[in-house]
Amino acid sequence: MPTKHPARLLVAVIIAGLGLTACSQSNSNTADGKGRSPSAAAGSPATGSSVNPTPTPTPTPTPSATPSVVVGGKQKPADLPADLPLPQGELTSVTGTTGAYVLTYATSDAAAAFAAYATALQSAGYELVRSPAGVQATKASVNVAVAKTPDALQVVLAVK
């Protein structure tokens with residue numbers, strides 16, 4: 001069996017999740033909508049010129065067919081795979097978009113919750129690879145990386 005790199009995948013998926021979080025922020029750093037920063041747009045005016053006292057309004061985003069990014073949500077996404085078991089504990093945070101989520105579950109005993117969740121994934125037919133960083137579980141086109149903190153489990157999900 002080829003060696004898998006679950007720690008690398010976990011890091012890659014977390015970085016991707018953070019990238020999605022950063023992308024979801026509005027373009028509020030541009031004053032003129034042309035990509036210039038407020039400091040460049042609000043520099044000292046040249047002699048004889050005047051500064052427009054009314055700020056340019058930020059354009060309202062238009063609805064699109066692509067799904068919106070979830071940041072700091074607290075509900076299980078509706079598009080999770082039906083056969084994916086979820087850990088015990090309180091869902092405290094959801095970040096991501098369709099097919100790629102980071103779910104955080106608060107728990108009083110992270111070690112026990114982690115062991116129980118790994119067992120649940122294996123019972124559901126997921127192939128597990130354990131590492132010091134956590135567990136990676138794979139089944140068909142679903143990849144799950146699980147890591148624990150002292151009081152929480154983080155589940156990173158990627159569906160191809």
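Note that these values count all heavy atoms, side chains included, but never hydrogens, waters or copies made by symmetry.
- The shortest heavy-atom contact between A110 and K148 is O-CD, 4.2 Å.
- Across all non-hydrogen atoms, the minimal contact from Q75 to L91 is C-CD2, 3.5 Å.
- Side-chain contact of T104 with Q154: a donor-acceptor pair under 3.5 Å is present, judged by distance alone.
- Within the 3.5 Å criterion, the main-chain N or O of P85 finds a donor-acceptor partner in the side chain of Y117.
- Residues that satisfy the side-chain contact (heavy atoms from CB on, under 4.5 Å) test with A140, not counting sequence neighbours, are absent from this structure.
- A donor-acceptor pair is defined here as one N or O able to donate and one able to accept, closer than 3.5 Å; such a pair exists between the side chain of K139 and the backbone of A124.
- Distance check: L103 CG to T95 OG1 gives 8.5 Å after rounding to the nearest 0.5 Å.
- Closest non-hydrogen pair, V94 versus Y101, comes out as CG1-CD2, 3.9 Å.
- Residues Y105 and P87 share a closest heavy-atom pair of CD1-CG, 3.4 Å.
- Contact check for V71 versus S93: no side-chain heavy atoms found under the 4.5 Å cut-off.
- Distance CG/D79 to OG1/T97: 8.0 Å, rounded to 0.5 Å.
- One distance of note links OG1 of T107 with CG of L153; it measures 6.0 Å at 0.5 Å rounding.
- Nearest heavy atom pair, residue K76 against residue L86, reads CD-CD1, 3.2 Å.
- A133 and A147 make their closest contact through O-CB, 3.7 Å (heavy atoms, listed as atom of the first residue, atom of the second, distance).
- Here the OG1-NZ distance, from T92 to K74, works out to 7.0 Å after rounding to the nearest 0.5 Å.
- To the nearest 0.5 Å, the span separating CZ on R130 from CD on Q136 amounts to 12.5 Å.
- A distance of 9.5 Å separates CG in N143 from OH in Y126, rounded to the nearest 0.5 Å.
- In this structure the side chain of V144 reaches within 4.5 angstrom of the side chain of V146, judged on heavy atoms.
- Using a 4.5 Å heavy-atom threshold, the side chains of L121 and L128 count as touching.
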